[in-house]
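Just follow the structure's listing: the first ligand is 1, and inside any ligand the first atom is 1. The first residue in the sequence is number 1, and the count goes up from there.
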Amino acid sequence: MIKISENMKPTIGIEVHVELKTLSKMFCGCINKHFAIKPNTHTCPVCLGLPGSLPVPNKRAIDWTLMIGLALKSKVNLKSKFDRKHYFYPDLPKAFQISQYDEPLCTGGYLDTSKGKVGITRVHLEEDTGKLLHKRIKGKDVTLVDFNRSGVPLVEIVTDPDLNSSVETKKFAQKLRNIIRWLGVSDCDMEKGSMRLEANVSLGKHLGYKVEIKNLNSFRFVERAINYELERQKKLLAKGQKPKQETRGWDEVENKTKSQRYKETEADYRYFPEPDIPPMTFSKVYIKKLIKELPELPDQKAKRFEKEYSIRKHYAQLLTIDLNQSQLVEKALKLAQKEGIKKDRVAGLIVNKKIDLSKTKPEELIKQIKKEEVVKITDRKKLIKWVDKAIKDMPKVVFDYKKGKSAAIAVLIGKVMQLSNGKADPIIIKELLEKRLKSKDKSS
Ligand code: ZN
Ligand code: MN
(Lines give C-alpha, C1' and ligand atoms only; values in the text may rest on other atoms or scores of the structure.)
(Ligands and ions follow the chains in the order given, each with its own letter.)
Protein backbone atom coordinates (compact mmCIF):
# COMPACT_ATOMS: atom_id res chain seq x y z
CA MET A 1 0.00 0.00 0.00
CA ILE A 2 1.42 3.35 -1.06
CA LYS A 3 0.44 6.31 1.03
CA ILE A 4 0.05 9.70 -0.58
CA SER A 5 2.33 11.88 1.43
CA GLU A 6 3.60 15.41 1.47
CA ASN A 7 6.81 14.47 -0.32
CA MET A 8 4.89 13.25 -3.33
CA LYS A 9 5.22 16.55 -5.07
CA PRO A 10 5.04 16.65 -8.84
CA THR A 11 8.44 15.90 -10.34
CA ILE A 12 8.75 16.88 -13.96
CA GLY A 13 11.56 16.90 -16.47
CA ILE A 14 11.31 17.60 -20.18
CA GLU A 15 12.98 16.48 -23.36
CA VAL A 16 12.96 18.98 -26.16
CA HIS A 17 13.84 18.36 -29.78
CA VAL A 18 14.55 21.33 -32.05
CA GLU A 19 15.32 21.23 -35.74
CA LEU A 20 18.25 23.40 -36.72
CA LYS A 21 17.69 25.66 -39.71
CA THR A 22 20.99 24.96 -41.40
CA LEU A 23 20.96 25.15 -45.20
CA SER A 24 21.73 21.46 -45.64
CA LYS A 25 20.92 18.33 -43.68
CA MET A 26 22.99 16.76 -40.90
CA PHE A 27 24.98 14.14 -42.79
CA CYS A 28 24.41 14.91 -46.49
CA GLY A 29 24.15 17.86 -48.85
CA CYS A 30 20.36 17.73 -49.28
CA ILE A 31 18.47 20.98 -48.77
CA ASN A 32 17.11 21.19 -45.25
CA LYS A 33 13.49 21.95 -46.05
CA HIS A 34 10.55 19.69 -45.41
CA PHE A 35 7.55 21.72 -44.36
CA ALA A 36 4.77 22.19 -46.92
CA ILE A 37 6.78 21.03 -49.92
CA LYS A 38 6.37 18.10 -52.29
CA PRO A 39 7.26 14.85 -50.45
CA ASN A 40 10.53 13.05 -51.19
CA THR A 41 12.07 15.87 -53.23
CA HIS A 42 15.09 16.50 -50.98
CA THR A 43 16.62 13.08 -50.58
CA CYS A 44 19.81 11.23 -51.47
CA PRO A 45 21.37 7.82 -50.72
CA VAL A 46 22.63 9.07 -47.33
CA CYS A 47 19.34 10.33 -45.92
CA LEU A 48 17.47 7.43 -47.49
CA GLY A 49 19.82 5.07 -45.67
CA LEU A 50 20.90 3.21 -48.80
CA PRO A 51 23.69 0.65 -48.44
CA GLY A 52 27.20 1.97 -49.00
CA SER A 53 26.35 5.62 -48.43
CA LEU A 54 28.52 7.47 -45.92
CA PRO A 55 27.51 10.30 -43.59
CA VAL A 56 29.56 13.52 -43.39
CA PRO A 57 28.72 15.70 -40.36
CA ASN A 58 27.51 19.26 -40.86
CA LYS A 59 29.99 21.55 -39.06
CA ARG A 60 27.53 24.40 -38.66
CA ALA A 61 25.02 22.10 -36.97
CA ILE A 62 27.71 21.06 -34.48
CA ASP A 63 28.66 24.70 -33.78
CA TRP A 64 25.01 25.68 -33.33
CA THR A 65 24.44 22.81 -30.90
CA LEU A 66 27.46 23.98 -28.91
CA MET A 67 26.03 27.50 -28.94
CA ILE A 68 22.72 26.25 -27.53
CA GLY A 69 24.65 24.36 -24.87
CA LEU A 70 26.74 27.40 -23.99
CA ALA A 71 23.67 29.66 -23.86
CA LEU A 72 22.28 27.15 -21.34
CA LYS A 73 25.49 27.45 -19.28
CA SER A 74 26.53 23.88 -20.11
CA LYS A 75 29.97 22.41 -20.21
CA VAL A 76 31.19 21.52 -23.68
CA ASN A 77 32.77 18.09 -23.66
CA LEU A 78 36.14 18.36 -25.38
CA LYS A 79 35.67 14.81 -26.63
CA SER A 80 32.38 13.78 -28.16
CA LYS A 81 31.09 11.20 -30.63
CA PHE A 82 28.05 9.99 -32.52
CA ASP A 83 26.36 6.70 -31.73
CA ARG A 84 23.80 4.50 -33.41
CA LYS A 85 20.47 4.15 -31.65
CA HIS A 86 18.64 1.15 -33.01
CA TYR A 87 14.93 0.72 -33.34
CA PHE A 88 12.58 -0.22 -36.12
CA TYR A 89 10.04 2.20 -37.49
CA PRO A 90 8.98 2.85 -41.09
CA ASP A 91 10.21 6.47 -40.94
CA LEU A 92 13.74 5.31 -40.09
CA PRO A 93 15.17 3.63 -43.20
CA LYS A 94 18.51 2.59 -41.66
CA ALA A 95 16.72 1.07 -38.65
CA PHE A 96 19.03 3.16 -36.52
CA GLN A 97 19.23 6.86 -35.78
CA ILE A 98 22.60 8.56 -35.64
CA SER A 99 22.44 10.16 -32.22
CA GLN A 100 24.70 10.63 -29.21
CA TYR A 101 24.79 8.36 -26.20
CA ASP A 102 27.45 8.56 -23.51
CA GLU A 103 29.50 11.45 -24.87
CA PRO A 104 27.05 14.18 -25.79
CA LEU A 105 28.32 17.55 -26.98
CA CYS A 106 27.23 19.38 -23.81
CA THR A 107 26.32 18.44 -20.25
CA GLY A 108 25.54 20.03 -16.90
CA GLY A 109 23.92 23.37 -17.69
CA TYR A 110 21.03 25.29 -16.22
CA LEU A 111 18.44 27.91 -17.01
CA ASP A 112 17.28 30.52 -14.50
CA THR A 113 13.54 30.74 -13.95
CA SER A 114 11.40 32.72 -11.52
CA LYS A 115 11.30 29.55 -9.40
CA GLY A 116 15.05 28.99 -9.43
CA LYS A 117 17.51 27.12 -11.57
CA VAL A 118 16.38 24.26 -13.76
CA GLY A 119 19.24 21.89 -14.54
CA ILE A 120 20.08 21.01 -18.13
CA THR A 121 21.24 17.40 -18.08
CA ARG A 122 22.51 17.30 -21.65
CA VAL A 123 22.40 18.86 -25.08
CA HIS A 124 23.16 16.55 -27.95
CA LEU A 125 22.92 16.38 -31.71
CA GLU A 126 21.19 13.75 -33.81
CA GLU A 127 19.28 13.35 -37.06
CA ASP A 128 15.55 13.66 -37.55
CA THR A 129 13.52 10.81 -38.98
CA GLY A 130 11.22 10.81 -41.99
CA LYS A 131 7.58 11.62 -41.58
CA LEU A 132 4.60 9.30 -41.82
CA LEU A 133 1.47 10.60 -43.50
CA HIS A 134 -1.73 8.75 -42.76
CA LYS A 135 -4.14 9.16 -45.66
CA ARG A 136 -7.16 7.64 -47.28
CA ILE A 137 -6.63 6.88 -50.93
CA LYS A 138 -9.30 5.21 -53.11
CA GLY A 139 -11.24 4.19 -50.02
CA LYS A 140 -8.24 2.58 -48.36
CA ASP A 141 -6.39 3.76 -45.28
CA VAL A 142 -2.73 4.03 -46.19
CA THR A 143 0.44 5.30 -44.59
CA LEU A 144 2.92 7.16 -46.76
CA VAL A 145 6.48 8.09 -45.93
CA ASP A 146 8.10 11.45 -46.69
CA PHE A 147 11.88 11.40 -46.36
CA ASN A 148 12.41 15.14 -46.78
CA ARG A 149 12.73 15.39 -43.00
CA SER A 150 15.03 12.37 -42.77
CA GLY A 151 18.50 13.53 -41.72
CA VAL A 152 17.53 17.06 -40.69
CA PRO A 153 19.80 18.19 -37.82
CA LEU A 154 17.97 17.75 -34.55
CA VAL A 155 19.16 18.98 -31.17
CA GLU A 156 17.91 17.17 -28.11
CA ILE A 157 17.84 19.04 -24.81
CA VAL A 158 17.12 17.09 -21.63
CA THR A 159 16.40 18.80 -18.33
CA ASP A 160 16.86 17.52 -14.81
CA PRO A 161 13.56 16.68 -13.05
CA ASP A 162 13.53 20.14 -11.46
CA LEU A 163 10.09 21.33 -12.53
CA ASN A 164 7.19 20.99 -10.12
CA SER A 165 4.04 22.07 -11.90
CA SER A 166 2.42 22.20 -15.31
CA VAL A 167 2.54 26.00 -15.42
CA GLU A 168 6.22 26.07 -14.46
CA THR A 169 6.94 23.53 -17.18
CA LYS A 170 5.09 25.53 -19.80
CA LYS A 171 6.87 28.75 -18.84
CA PHE A 172 10.23 26.99 -18.84
CA ALA A 173 9.61 25.56 -22.30
CA GLN A 174 8.61 28.99 -23.59
CA LYS A 175 11.74 30.56 -22.18
CA LEU A 176 13.85 27.84 -23.73
CA ARG A 177 12.17 28.45 -27.08
CA ASN A 178 12.81 32.19 -26.82
CA ILE A 179 16.53 31.65 -26.19
CA ILE A 180 16.97 29.23 -29.08
CA ARG A 181 15.09 31.54 -31.44
CA TRP A 182 17.22 34.41 -30.16
CA LEU A 183 20.34 32.48 -31.21
CA GLY A 184 18.86 32.30 -34.70
CA VAL A 185 19.49 28.57 -35.04
CA SER A 186 15.91 27.26 -35.13
CA ASP A 187 12.38 28.54 -35.73
CA CYS A 188 11.18 26.48 -32.76
CA ASP A 189 7.69 26.34 -34.20
CA MET A 190 5.64 23.80 -32.24
CA GLU A 191 2.88 23.85 -34.81
CA LYS A 192 5.22 23.03 -37.67
CA GLY A 193 7.10 20.50 -35.55
CA SER A 194 10.44 22.30 -35.54
CA MET A 195 10.17 22.18 -31.75
CA ARG A 196 8.81 19.03 -30.13
CA LEU A 197 8.37 18.35 -26.49
CA GLU A 198 8.03 15.36 -24.20
CA ALA A 199 7.52 15.46 -20.47
CA ASN A 200 8.50 12.93 -17.82
CA VAL A 201 6.04 13.15 -14.99
CA SER A 202 5.86 11.44 -11.62
CA LEU A 203 4.57 12.16 -8.14
CA GLY A 204 7.57 11.86 -5.91
CA LYS A 205 11.03 10.84 -6.97
CA HIS A 206 11.30 8.14 -4.32
CA LEU A 207 8.75 5.86 -5.96
CA GLY A 208 11.09 5.08 -8.83
CA TYR A 209 8.74 5.36 -11.76
CA LYS A 210 8.15 7.97 -14.42
CA VAL A 211 5.61 8.38 -17.16
CA GLU A 212 6.70 9.90 -20.43
CA ILE A 213 4.10 11.98 -22.25
CA LYS A 214 4.47 12.42 -25.98
CA ASN A 215 2.59 14.34 -28.64
CA LEU A 216 2.63 17.69 -26.86
CA ASN A 217 2.53 19.95 -29.88
CA SER A 218 1.47 23.20 -28.26
CA PHE A 219 2.24 24.93 -24.99
CA ARG A 220 -1.43 24.68 -24.06
CA PHE A 221 -1.27 20.89 -24.42
CA VAL A 222 1.85 20.77 -22.25
CA GLU A 223 -0.09 22.34 -19.42
CA ARG A 224 -3.25 20.27 -19.95
CA ALA A 225 -1.49 16.94 -20.40
CA ILE A 226 0.65 17.36 -17.29
CA ASN A 227 -2.38 18.34 -15.22
CA TYR A 228 -4.29 15.33 -16.49
CA GLU A 229 -1.37 13.02 -15.83
CA LEU A 230 -0.78 14.28 -12.29
CA GLU A 231 -4.47 13.73 -11.50
CA ARG A 232 -4.40 10.24 -12.99
CA GLN A 233 -1.33 9.26 -11.00
CA LYS A 234 -2.73 10.74 -7.82
CA LYS A 235 -5.87 8.62 -8.16
CA LEU A 236 -3.81 5.46 -8.69
CA LEU A 237 -1.63 6.25 -5.68
CA ALA A 238 -4.71 6.91 -3.57
CA LYS A 239 -5.84 3.37 -4.38
CA GLY A 240 -2.46 2.08 -3.28
CA GLN A 241 -1.21 1.39 -6.79
CA LYS A 242 2.09 2.52 -8.22
CA PRO A 243 1.70 4.00 -11.72
CA LYS A 244 3.37 1.94 -14.43
CA GLN A 245 6.54 3.16 -16.09
CA GLU A 246 5.30 3.79 -19.59
CA THR A 247 4.97 6.12 -22.55
CA ARG A 248 1.61 7.81 -22.92
CA GLY A 249 0.37 10.02 -25.71
CA TRP A 250 -1.70 13.16 -25.32
CA ASP A 251 -5.02 12.83 -27.09
CA GLU A 252 -6.14 16.37 -27.86
CA VAL A 253 -9.63 15.27 -28.86
CA GLU A 254 -10.42 13.30 -25.73
CA ASN A 255 -8.31 15.56 -23.52
CA LYS A 256 -6.45 12.72 -21.86
CA THR A 257 -3.22 10.78 -21.97
CA LYS A 258 -3.38 7.25 -23.34
CA SER A 259 -0.96 4.39 -22.88
CA GLN A 260 1.22 3.85 -25.97
CA ARG A 261 3.85 1.39 -24.86
CA TYR A 262 5.78 0.32 -21.84
CA LYS A 263 8.98 2.26 -21.87
CA GLU A 264 11.90 0.57 -23.51
CA THR A 265 15.14 0.62 -21.59
CA GLU A 266 18.41 1.94 -22.96
CA ALA A 267 19.58 -1.61 -23.54
CA ASP A 268 16.78 -2.08 -26.06
CA TYR A 269 18.39 0.48 -28.34
CA ARG A 270 21.70 -1.41 -28.57
CA TYR A 271 23.69 1.80 -28.71
CA PHE A 272 27.19 1.59 -30.15
CA PRO A 273 29.63 4.15 -31.57
CA GLU A 274 28.90 5.22 -35.15
CA PRO A 275 31.73 3.56 -37.07
CA ASP A 276 31.45 5.83 -40.13
CA ILE A 277 32.11 9.10 -38.28
CA PRO A 278 35.32 9.75 -36.37
CA PRO A 279 34.99 11.07 -32.80
CA MET A 280 35.05 14.85 -32.36
CA THR A 281 37.54 16.81 -30.30
CA PHE A 282 37.37 20.49 -29.44
CA SER A 283 40.16 22.70 -28.20
CA LYS A 284 39.61 25.10 -25.30
CA VAL A 285 40.54 27.93 -27.66
CA TYR A 286 37.76 26.91 -30.01
CA ILE A 287 35.19 26.86 -27.20
CA LYS A 288 36.38 30.28 -26.01
CA LYS A 289 35.89 31.61 -29.52
CA LEU A 290 32.31 30.28 -29.57
CA ILE A 291 31.59 31.83 -26.17
CA LYS A 292 32.84 35.15 -27.51
CA GLU A 293 30.55 34.90 -30.51
CA LEU A 294 27.52 34.26 -28.31
CA PRO A 295 25.13 37.22 -28.46
CA GLU A 296 23.91 39.09 -25.40
CA LEU A 297 21.11 36.78 -24.18
CA PRO A 298 17.56 37.79 -23.16
CA ASP A 299 18.17 37.78 -19.40
CA GLN A 300 21.39 39.77 -19.75
CA LYS A 301 19.72 42.28 -22.02
CA ALA A 302 16.75 42.66 -19.68
CA LYS A 303 19.08 43.42 -16.77
CA ARG A 304 20.98 45.94 -18.87
CA PHE A 305 17.76 47.66 -20.03
CA GLU A 306 16.67 47.93 -16.42
CA LYS A 307 19.93 49.55 -15.37
CA GLU A 308 20.86 51.59 -18.41
CA TYR A 309 17.44 53.03 -19.19
CA SER A 310 15.85 52.91 -15.72
CA ILE A 311 12.84 50.95 -16.88
CA ARG A 312 11.01 48.59 -14.56
CA LYS A 313 11.98 44.90 -14.47
CA HIS A 314 8.61 43.70 -15.69
CA TYR A 315 8.88 45.82 -18.85
CA ALA A 316 12.52 44.91 -19.38
CA GLN A 317 11.66 41.21 -19.35
CA LEU A 318 8.73 41.54 -21.71
CA LEU A 319 10.76 43.64 -24.14
CA THR A 320 13.57 41.11 -24.44
CA ILE A 321 11.70 38.05 -25.66
CA ASP A 322 12.45 38.52 -29.34
CA LEU A 323 15.89 39.64 -30.55
CA ASN A 324 14.66 41.82 -33.39
CA GLN A 325 12.03 43.55 -31.28
CA SER A 326 14.50 44.10 -28.43
CA GLN A 327 16.90 45.85 -30.81
CA LEU A 328 14.13 48.17 -32.00
CA VAL A 329 13.08 48.78 -28.39
CA GLU A 330 16.61 49.83 -27.57
CA LYS A 331 16.58 52.23 -30.51
CA ALA A 332 13.35 53.77 -29.19
CA LEU A 333 14.79 54.04 -25.68
CA LYS A 334 17.92 55.74 -26.98
CA LEU A 335 15.80 58.23 -28.95
CA ALA A 336 13.65 58.87 -25.88
CA GLN A 337 16.78 59.56 -23.89
CA LYS A 338 17.93 62.05 -26.53
CA GLU A 339 14.56 63.80 -26.59
CA GLY A 340 14.24 63.91 -22.83
CA ILE A 341 11.18 61.66 -22.77
CA LYS A 342 10.81 59.32 -19.81
CA LYS A 343 12.09 55.91 -20.94
CA ASP A 344 9.92 53.90 -18.57
CA ARG A 345 6.91 55.61 -20.10
CA VAL A 346 8.05 54.61 -23.60
CA ALA A 347 8.67 51.04 -22.43
CA GLY A 348 5.24 50.94 -20.79
CA LEU A 349 3.60 52.24 -23.94
CA ILE A 350 5.23 49.54 -26.07
CA VAL A 351 4.21 46.81 -23.61
CA ASN A 352 0.68 47.96 -22.81
CA LYS A 353 -0.35 49.01 -26.29
CA LYS A 354 1.45 45.98 -27.77
CA ILE A 355 3.27 48.21 -30.24
CA ASP A 356 5.07 46.24 -32.94
CA LEU A 357 8.15 48.33 -33.64
CA SER A 358 8.77 46.59 -36.94
CA LYS A 359 5.53 48.26 -38.09
CA THR A 360 5.59 51.47 -36.06
CA LYS A 361 9.26 52.43 -36.40
CA PRO A 362 11.02 53.64 -33.22
CA GLU A 363 11.49 57.09 -34.81
CA GLU A 364 7.76 57.26 -35.54
CA LEU A 365 6.80 56.23 -32.03
CA ILE A 366 9.02 58.87 -30.44
CA LYS A 367 7.73 61.48 -32.89
CA GLN A 368 4.16 60.60 -31.90
CA ILE A 369 4.95 60.89 -28.21
CA LYS A 370 6.66 64.22 -28.78
CA LYS A 371 3.75 65.47 -30.83
CA GLU A 372 1.35 64.60 -28.03
CA GLU A 373 3.48 66.64 -25.69
CA VAL A 374 3.61 69.55 -28.13
CA VAL A 375 -0.18 69.54 -28.47
CA LYS A 376 -0.38 70.03 -24.76
CA ILE A 377 1.47 73.30 -25.01
CA THR A 378 0.52 75.09 -28.21
CA ASP A 379 -2.83 73.96 -29.54
CA ARG A 380 -4.62 77.18 -28.62
CA LYS A 381 -7.71 76.38 -30.68
CA LYS A 382 -8.38 73.39 -28.50
CA LEU A 383 -7.59 75.27 -25.32
CA ILE A 384 -9.85 78.23 -26.08
CA LYS A 385 -12.91 75.95 -26.21
CA TRP A 386 -12.21 74.71 -22.69
CA VAL A 387 -11.46 78.28 -21.54
CA ASP A 388 -14.85 79.49 -22.86
CA LYS A 389 -16.63 76.55 -21.27
CA ALA A 390 -15.01 77.25 -17.91
CA ILE A 391 -16.09 80.90 -18.13
CA LYS A 392 -19.63 79.91 -19.04
CA ASP A 393 -19.90 77.26 -16.32
CA MET A 394 -18.58 79.44 -13.50
CA PRO A 395 -20.29 82.86 -13.68
CA LYS A 396 -19.83 83.39 -9.95
CA VAL A 397 -16.05 82.95 -10.20
CA VAL A 398 -15.91 85.21 -13.27
CA PHE A 399 -17.91 87.80 -11.35
CA ASP A 400 -15.46 87.61 -8.40
CA TYR A 401 -12.52 87.98 -10.74
CA LYS A 402 -14.00 91.00 -12.43
CA LYS A 403 -14.72 92.50 -9.04
CA GLY A 404 -10.94 92.50 -8.52
CA LYS A 405 -10.46 89.11 -6.78
CA SER A 406 -7.60 88.18 -9.11
CA ALA A 407 -6.89 84.91 -7.24
CA ALA A 408 -10.20 83.59 -8.59
CA ILE A 409 -8.48 82.89 -11.91
CA ALA A 410 -6.84 79.85 -10.27
CA VAL A 411 -10.27 78.25 -9.97
CA LEU A 412 -10.87 78.78 -13.70
CA ILE A 413 -7.47 77.37 -14.56
CA GLY A 414 -8.29 74.36 -12.43
CA LYS A 415 -11.55 73.89 -14.31
CA VAL A 416 -9.79 73.97 -17.69
CA MET A 417 -7.20 71.49 -16.43
CA GLN A 418 -10.04 69.23 -15.39
CA LEU A 419 -11.77 69.59 -18.78
CA SER A 420 -8.53 68.71 -20.58
CA ASN A 421 -7.76 65.73 -18.34
CA GLY A 422 -4.72 67.56 -17.02
CA LYS A 423 -3.14 67.88 -20.43
CA ALA A 424 -3.51 71.64 -20.93
CA ASP A 425 -0.57 73.90 -20.22
CA PRO A 426 -1.58 76.10 -17.25
CA ILE A 427 0.57 79.04 -18.42
CA ILE A 428 -1.19 79.33 -21.76
CA ILE A 429 -4.58 78.81 -20.13
CA LYS A 430 -3.92 81.70 -17.78
CA GLU A 431 -2.94 83.89 -20.70
CA LEU A 432 -6.04 82.91 -22.69
CA LEU A 433 -8.35 83.37 -19.71
CA GLU A 434 -7.00 86.83 -19.01
CA LYS A 435 -7.45 87.86 -22.64
CA ARG A 436 -10.99 86.48 -22.78
CA LEU A 437 -12.12 88.05 -19.54
CA LYS A 438 -10.68 91.41 -20.58
CA SER A 439 -12.34 91.40 -24.01
CA LYS A 440 -15.68 90.36 -22.46
CA ASP A 441 -15.24 93.30 -20.16
CA LYS A 442 -15.09 95.66 -23.10
CA SER A 443 -18.09 94.18 -24.90
CA SER A 444 -20.31 94.24 -21.81
ZN1 ZN B 1 20.32 13.55 -48.34
MN1 MN C 1 16.16 12.21 -29.52
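Within the 4.5 Å cutoff, no side-chain heavy atoms of Ile98 are placed close to those of Met26. Counting heavy atoms from C-beta outward, Lys171 and Lys115 have side chains that stay 4.5 Å or more apart.
Under 2.8 Å from the Zn ion (ligand 1) lies no N/O/S atom of His42, from backbone or side chain alike. Because the distance cut-off is set at 2.8 Å, His124 fails to qualify as a neighbour of the Mn ion (ligand 2), as none of its N, O or S atoms comes that close.
Sorting the N, O or S atoms of Glu156 by how far they are from the Mn ion (ligand 2) puts OE1 first. The Mn ion (ligand 2) is closest to atom OE2 of Glu126 (considering only N, O or S atoms).
Expressed to the nearest 0.5 Å, how far CH2 of Trp64 lies from CG of Asn58 amounts to 8.5 Å.
Heavy atoms only, all atoms of each residue included: Lys117 and Asp162 are closest at O-OD2, 4.1 Å.
The Zn ion (ligand 1) is the vertex of the angle joining SG of Cys28 and SG of Cys47, which measures 110° to the nearest 10°.
Note: Tyr315 and Tyr309 fail the aromatic proximity criterion, with ring centroids not under 6.0 Å apart.
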